[in-house]
Amino acid sequence: QRLTNPQHKESFLQFVQDSIYAEQAMQSTMLKDVKLDKMDMTPTCRLYTSYLLSTMTQVPVEVAAAAILPCFWIYMEVGNYIFKNQKPNNPYQDWINMYSDEGFAVSNARAIEICDELAANSSEAQQQEMINAFILAAKMEWMFWDSAYKLEEWPL
């Protein structure tokens with residue numbers, strides 16, 4: 001609702017709809033035996049999602065769009081990398097296929113385009129805020145992947 005351009009709104013609504021559909025499909029196949037309601041987010045996951053949620057509501061929409069962009073972009077890059085370097089019989093094949101799919105690349109390109117359009121209509125100071133938000137979110141995205149690799153748990 002915070003986006004003023006109807007085409008931007010439509011794109012982000014489609015992103016949300018696609019994400020919900022994809023995540024539900026993943027949960028019904030890859031995570032069908034996992035009790036998600038019994039799991040607690042890791043510290044890094046909680047930090048990152050809290051940052052994104054607060055950013056979506058507390059900063060200008062241009063900055064919020066820049067903060068969410070690394071999630072699109074890095075998932076695509078990781079999906080493409082794994083797809084190109086995958087081993088046979090990967091239990092995560094559905095995930096790999098989803099994030100290396102041409103449709104996801106199109107959505108990613110659209111998200112970048114929207115951020116570029118928002119930046120073009122922003123002040124220099126706001127453009128710097130967008131860059132800062134993008135960099136911070138990209139760092140948190142890296143931390144998210146690293147925490148999964150290290151099987152992070154709460155220390156207490």
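The figures that follow rest on heavy atoms only: side chains count, while hydrogens, waters and symmetry mates do not. Note that the coordinates shown come from a computational prediction; the quantities given were computed from them, not determined experimentally.
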*Asks:* Taking it one step at a time, do Leu136 and Asn132 satisfy side-chain contact (heavy atoms from CB on, under 4.5 Å)?
*Replies:* CA-CA 6 Å; Leu136 182 57; Asn132 294 345; over 6 Å; no
*Asks:* Hey, what do you get for CD (Gln86) to OG (Ser100), rounding to the nearest 0.5 Å?
*Replies:*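 Here the interatomic distance stands at 7.5 Å.
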*Asks:* Quick one: does Met143's side chain get under 4.5 Å of Leu47's, heavy atoms only?
*Replies:*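 With C-beta onward as the side chain, the pair touches.
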*Asks:* Closer than 4.0 angstrom, basic N to acidic O: yes or no for Arg110 and Glu117?
*Replies:*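 Salt bridge between Arg110 and Glu117, a charged N being under 4.0 Å from a carboxylate O: yes.
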*Asks:* Minimum heavy-atom separation for Met41 to Trp154, with atom names?
*Replies:*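 For Met41 and Trp154, the tightest heavy-atom pair comes out as O-NE1, 2.7 Å.
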*Asks:* What is the distance from atom CD1 of Ile114 to atom CG of Asn5, rounded to the nearest 0.5 Å?
*Replies:*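 Between Ile114 CD1 and Asn5 CG, I get 8.0 Å after rounding to 0.5 Å.
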*Asks:* What verdict does the side-chain contact (heavy atoms from CB on, under 4.5 Å) test give for Val59 and Glu129, after you've listed the backbone C-alpha separation in whole Å, the side-chain angles of each residue and the deciding distance to 0.1 Å?
*Replies:* CA-CA 10 Å; Val59 300; Glu129 288 180 54; 5.7 Å; no
*Asks:* Quick one: CG on Leu52 to SG on Cys71, what's the gap to the nearest 0.5 Å?
*Replies:*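 Rounded to the nearest 0.5 Å, the CG-SG separation comes out at 7.0 Å.
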*Asks:* Could you go through the side-chain contact (heavy atoms from CB on, under 4.5 Å) check for Arg46 and Asp40 one step at a time?
*Replies:* CA-CA 9 Å; Arg46 186 167 299 279; Asp40 193 17; 2.8 Å; yes
*Asks:* Is Glu10 atom CD crowded by more than 12 heavy atoms from other residues, nucleotides or ligands, each under 6.0 Å away?
*Replies:*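 Atom CD in Glu10 is not packed in, count stays at 12 or less.
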*Asks:* Between Tyr75 and Trp95 (judged by ring centroids, cut-off 6.0 Å), do the two rings come close enough to count as a pair?
*Replies:*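 Yes, close enough.
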*Asks:* Would you call Glu153 and Thr42 a side-chain contact if the rule is heavy atoms closer than 4.5 Å?
*Replies:*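 No. Closest side-chain heavy atoms not under 4.5 Å.
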*Asks:* Look at the side chain of Asn85 and the backbone N and O of Tyr81, then say whether any donor-acceptor pair between them is shorter than 3.5 Å.
*Replies:*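 Such a contact is found between Asn85 side chain and Tyr81 backbone.
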*Asks:* Only pairs at least two apart or in different chains count here, so list each salt bridge (Lys or Arg N to Asp or Glu O under 4.0 Å) that has a residue in residues 130-149.
*Replies:*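 Qualifying pairs, neighbours excluded: Asp146-Lys150.
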*Asks:* Hey, is the main chain of Glu62 close enough, under 3.5 Å, to the side chain of Gln126 for a donor-acceptor pair?
*Replies:*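 Pair absent, no side-chain N/O of Gln126 close to backbone of Glu62.
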*Asks:* Got more than 12 heavy atoms from elsewhere within 6.0 Å of OH, Tyr51?
*Replies:*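 Check passes, neighbour count above 12.
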*Asks:* Which distance, rounded to the nearest 0.5 Å, do you find between the CG of Asn97 and the CG of Asn90?
*Replies:*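 These two atoms lie 9.5 Å from each other.
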*Asks:* If you look at every heavy atom in Tyr48 and Met140, which pair is closest and at what distance?
*Replies:*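 For Tyr48 versus Met140, the nearest heavy atoms are CD1-CB, 3.4 Å.
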*Asks:* Do Leu3 and Leu118 have side chains that approach each other closer than 4.5 Å (heavy atoms only, starting at C-beta)?
*Replies:*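 In short, these two side chains touch, coming nearer than 4.5 Å.
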*Asks:* Does the side-chain contact (heavy atoms from CB on, under 4.5 Å) test come out yes or no for Val78 and Tyr99, once each step is laid out?
*Replies:* CA-CA 8 Å; Val78 170; Tyr99 288 109; over 6 Å; no
*Asks:* What I want to check is whether the side chains of Ser122 and Gln127 have a donor and an acceptor closer together than 3.5 Å.
*Replies:*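 The criterion, which ignores hydrogens and geometry beyond distance, is not satisfied for Gln127 and Ser122.
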*Asks:* If you measure from CG on Asp101 to CD1 on Ile96, what distance do you get to the nearest 0.5 Å?
*Replies:*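 CD1 of Ile96 is found 13.0 Å from CG of Asp101.
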*Asks:* With sequence neighbours excluded, what pairs up with Thr55 under the side chain to side chain donor-acceptor pair (under 3.5 Å) test?
*Replies:*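 In terms of side chain to side chain donor-acceptor pair (under 3.5 Å), with neighbours along the sequence ignored, Thr55 is linked to no residue.
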*Asks:* How about CD on Gln7, more than 12 heavy atoms from neighbouring residues, nucleotides or ligands closer than 6.0 Å, or not?
*Replies:*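 No, because the 6.0 Å sphere around CD of Gln7 holds 12 heavy atoms or fewer from other groups.
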*Asks:* Calculate, to the nearest 0.5 Å, the distance between atoms CD1 and CH2 belonging to Ile74 and Trp142 respectively.
*Replies:*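 Result: 11.5 Å between the selected atoms.
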*Asks:* Is there a side-chain contact between Trp73 and Phe134 in this structure, where contact means two heavy atoms from C-beta onward sitting under 4.5 Å apart?
*Replies:*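 They are in contact (side-chain heavy atoms under 4.5 Å apart), so the answer is yes.
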*Asks:* Restricting to non-hydrogen atoms, name the atom on Met56 and the atom on Ala67 that form the minimum distance, rounded to 0.1 Å.
*Replies:*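 Smallest interatomic distance, heavy atoms only, reads CE-CB, 4.4 Å.
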*Asks:* Which atom names give the shortest non-hydrogen contact between Ala137 and Pro70, and what distance separates them?
*Replies:*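 Where Ala137 meets Pro70 most closely, the heavy atoms are CB-CG, 3.8 Å.
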